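Structure record follows, encoded as structure tokens.
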There are 2 protein chains.
Amino acid sequence: MATTEVTATISDAEWRVMRIVWTLKRADSRTIISLLEQQHDWKAPTIKTLIGRLVKKGALATTKQGRQFIYTPKIAEQPAMDSALLRELNQMCAMHRGTALVHVVDQLDLSHADVQALLDHLQTKLETAPDNVPCDCLPDGCEGSCEP
Amino acid sequence: MATTEVTATISDAEWRVMRIVWTLKRADSRTIISLLEQQHDWKAPTIKTLIGRLVKKGALATTKQGRQFIYTPKIAEQPAMDSALLRELNQMCAMHRGTALVHVVDQLDLSHADVQALLDHLQTKLETAPDNVPCDCLPDGCEGSCEP
DNA sequence: GCTTTGAGTTTACAACTGTAGTCGAAACAT
DNA sequence: ATGTTTCGACTACAGTTGTAAACTCAAAGC
């Protein structure tokens with residue numbers, strides 16, 4: 001039942017910290033701090049605070065190693081990305097999500113393999129895709145008043 | 001230079017209000033409040049606050065009509081959706097964005113036309129797609145330590 | 001004209017966020 | 001053993017967000 005728990009809400013600044021730890025798999029605070037000090041002009045205490053909050057939120061695990069801690073991700077990167085993205089999309093009008101995806105895909109750098117994977121999945125999806133996805137912005141639905 | 005200004009940062013709750021106004025094109029507060037009271041269990045004053053903040057943020061325009069205001073969107077829906085989505089994606093590891101999109105597309109309800117549009121755009125993109133998009137989580141890049 | 005009522009404004013307040021200083025204890029060097 | 005460096009914990013503080021009550025006018029009704 002404890003399925004990786006992607007529920008924790010990670011803020012923008014915290015996301016930067018997670019990316020470091022996700023990439024390195026494990027890191028001590030010295031490493032995290034020095035890397036982030038390069039990327040942003042954050043002071044060390046700022047980064048310490050972020051790390052602390054992530055630990056409290058259950059996004060990072062700690063392992064005492066001598067005087068200091070080794071931090072490891074407690075939630076996986078891809079599921080966290082997936083659900084953050086889905087959350088964002090689900091907050092928007094269902095009818096316009098497709099267009100938003102088109103626009104976003106246009107602007108994004110995607111690898112050949114990623115584009116191919118998307119093509120494959122969409123090809124499959126094409127068969128069962130409904131003729132239209134109605135707007136879900138109004139309580140009742142959006143009949144009539146919500147034409148594109 | 002004043003290109004619709006999609007810069008305003010709209011919070012989750014505020015987004016609900018915008019969706020109503022975007023869908024109706026124009027609405028008075030009574031309408032907005034009554035619709036949102038149905039969807040959520042928000043009290044009227046809560047919704048008034050949200051409307052007020054959106055006006056201050058420049059996301060809604062007001063037109064005095066007798067005793068009350070008519071609210072109209074000052075920013076367009078689709079660009080707002082696009083940039084919110086892009087912002088979210090750009091905050092994540094470049095290397096994994098493609099996979100996130102695949103997962104999200106799988107879980108989303110998309111119309112036939114939307115799927116087709118995505119297929120078209122991706123087909124075009126396929127030709128120029130790079131072999132791989134490197135991880136951009138670490139300051140220097142991510143050579144070696146960032147294998148999938 | 002005067003009162004009622006409803007729309008917008010102001011105030012409230014806790015939680016979360018971005019940003020950062022300070023402190024105490026532990027580890028290290030001498 | 002003592003001074004020093006260092007790491008994590010605690011404190012701080014303003015701005016945003018979610019949530020909502022109170023207040024203030026001016027328009028609408030009588």
Side-chain angles (χ1 to χ4, degrees), chain A residues 7-21 24 26-72 74-75 80 84 87-88 90-91, chain B residues 7-21 24 26-72 74 80 84 87-88 91:
Chain A
T7 357
T9 165
I10 295 167
S11 79
D12 285 12
E14 287 163 3
W15 199 273
R16 308 305 301 198
V17 177
M18 288 307 294
R19 285 178 63 182
I20 299 283
V21 185
L24 298 181
R26 41 185 283 107
D28 54 24
S29 70
R30 154 178 304 300
T31 306
I32 299 173
I33 289 172
S34 100
L35 290 176
L36 283 174
E37 273 179 335
Q38 284 176 252
Q39 299 189 256
H40 312 276
D41 46 0
W42 290 344
K43 300 290 176 288
T46 300
I47 302 164
K48 287 185 187 181
T49 299
L50 294 173
I51 294 174
R53 288 179 184 166
L54 284 166
V55 171
K56 188 186 311 183
K57 283 185 183 181
L60 287 180
T62 56
T63 315
K64 193 100 187 177
Q65 194 219 38
R67 65 306 198 64
Q68 63 194 88
F69 284 146
I70 301 295
Y71 298 95
T72 45
K74 225 175 149 182
I75 65 179
R87 208 191 69 83
E88 189 80 22
N90 280 332
Q91 160 165 277
Chain B
T7 359
T9 164
I10 295 167
S11 79
D12 286 12
E14 288 162 3
W15 200 272
R16 308 306 299 197
V17 177
M18 288 307 293
R19 284 178 63 182
I20 300 284
V21 185
L24 299 181
R26 41 186 282 106
D28 56 23
S29 70
R30 156 178 304 299
T31 307
I32 298 173
I33 288 172
S34 101
L35 289 176
L36 282 175
E37 272 178 337
Q38 284 176 250
Q39 299 188 254
H40 311 277
D41 46 358
W42 290 344
K43 303 286 174 289
T46 301
I47 302 164
K48 287 186 187 181
T49 300
L50 295 173
I51 294 175
R53 287 179 185 168
L54 284 166
V55 172
K56 188 185 312 182
K57 283 184 183 182
L60 287 180
T62 57
T63 315
K64 193 105 190 174
Q65 192 218 39
R67 65 307 200 65
Q68 60 194 91
F69 283 149
I70 301 294
Y71 298 96
T72 45
K74 224 175 149 183
R87 209 192 68 84
E88 189 80 23
Q91 161 166 272

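No experiment lies behind these values; they were computed from the predicted model shown. For the numbers below, each heavy atom of this structure counts, side chains included, while hydrogens, waters and symmetry mates do not.
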Should A/Arg87 and A/Thr9 be marked as a side-chain contact (heavy atoms from CB on, under 4.5 Å) after you check the CA-CA gap, both sets of side-chain angles, and the distance that decides it? CA-CA 11 Å; A/Arg87 208 191 69 83; A/Thr9 165; over 6 Å; no

Which residues satisfy the side-chain hydrogen bond (donor to acceptor under 3.5 Å, both in side chains) test with B/Arg26, sequence neighbours excluded? none

Who are the side-chain hydrogen bond (donor to acceptor under 3.5 Å, both in side chains) partners of B/Arg16, not counting sequence neighbours? B/His40

Rounded to the Å, how far apart are [X] [atom1] and [N] [atom2]?
X: A/Arg16; N: C/dG18; atom1: CZ; atom2: P; answer: 12 Å
X: B/Asp28; N: C/dG8; atom1: CG; atom2: P; answer: 8 Å
X: B/Glu14; N: D/dG15; atom1: CD; atom2: C1'; answer: 13 Å
X: B/Met18; N: D/dT17; atom1: CE; atom2: P; answer: 14 Å
X: B/Ile33; N: D/dA20; atom1: CD1; atom2: P; answer: 13 Å
X: B/Ile32; N: C/dG6; atom1: CD1; atom2: P; answer: 18 Å
X: B/Arg30; N: C/dA7; atom1: CZ; atom2: C1'; answer: 9 Å
X: B/Ile47; N: C/dG6; atom1: CD1; atom2: C1'; answer: 15 Å

Closest heavy-atom pair and its distance - [X], [Y]:
X: A/Ser29; Y: A/Ile51; result: CB-CD1, 4.2 Å
X: B/Glu88; Y: A/Ala84; result: OE2-CB, 3.4 Å
X: B/Leu35; Y: B/Leu24; result: CD1-CD1, 3.8 Å

In residues 49-56 of chain B, which ones come under 4.0 Å of DNA chain D, going by heavy atoms? B/Thr49, B/Arg53

Of the listed nucleotides (D/dG8, D/dG18, C/dA20), which one gets closest to any side-chain atom of B/Ser11?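 Nearest nucleotide to the side chain: D/dG18.
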
Is any side-chain N or O of [X] closer than 4.0 Å to OP1 or OP2 of [N]?
X: B/Thr9; N: D/dT16; result: no
X: B/Thr46; N: D/dT19; result: no
X: A/Tyr71; N: D/dC7; result: no
X: B/Lys57; N: D/dT17; result: yes

Taking only distance into account, with no hydrogens and no angle test, what donor-acceptor pairs under 3.5 Å do side-chain atoms of residues 59-70 of chain B form with protein atoms, sequence neighbours excluded?
residue: B/Gln68; atom: NE2; partner: B/Asp28; partner atom: OD2; Å: 3.2

With sugar-phosphate meaning primed atoms plus P, OP1 and OP2, does A/Ser29 contact a base, only sugar-phosphate, or nothing at under 4.0 Å between heavy atoms? sugar-phosphate

Have a look at A/Lys64 and say if it touches a base, only the backbone sugar-phosphate, or nothing, with a 4.0 Å heavy-atom cut-off. nothing

How do A/Asp41 and A/Ile10 order along DNA chain C: which one's closest nucleotide is nearer the 5' end?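 The residue closer to the strand's 5' end, by nearest nucleotide, is A/Ile10.
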
Could you go through nucleotides 23-28 of chain C and list every protein N or O atom that sits under 3.5 Å from one of its N or O atoms, giving the distance for each pair?
residue: C/dA27; atom: O3'; partner: A/Arg67; partner atom: NH1; Å: 2.8
residue: C/dC28; atom: OP1; partner: A/Arg67; partner atom: NH1; Å: 3.3

Take A/Ile10 and A/Val17, measure what side-chain contact (heavy atoms from CB on, under 4.5 Å) needs, and give me the verdict at the end. CA-CA 10 Å; A/Ile10 295 167; A/Val17 177; over 6 Å; no

Those residues at least two apart in sequence (or on a different chain) that pass salt bridge (Lys or Arg N to Asp or Glu O under 4.0 Å) with B/Glu14 are B/Lys57

Evaluate B/Leu54 against B/Tyr71 for side-chain contact (heavy atoms from CB on, under 4.5 Å), listing each step before the verdict. CA-CA 10 Å; B/Leu54 284 166; B/Tyr71 298 96; over 6 Å; no

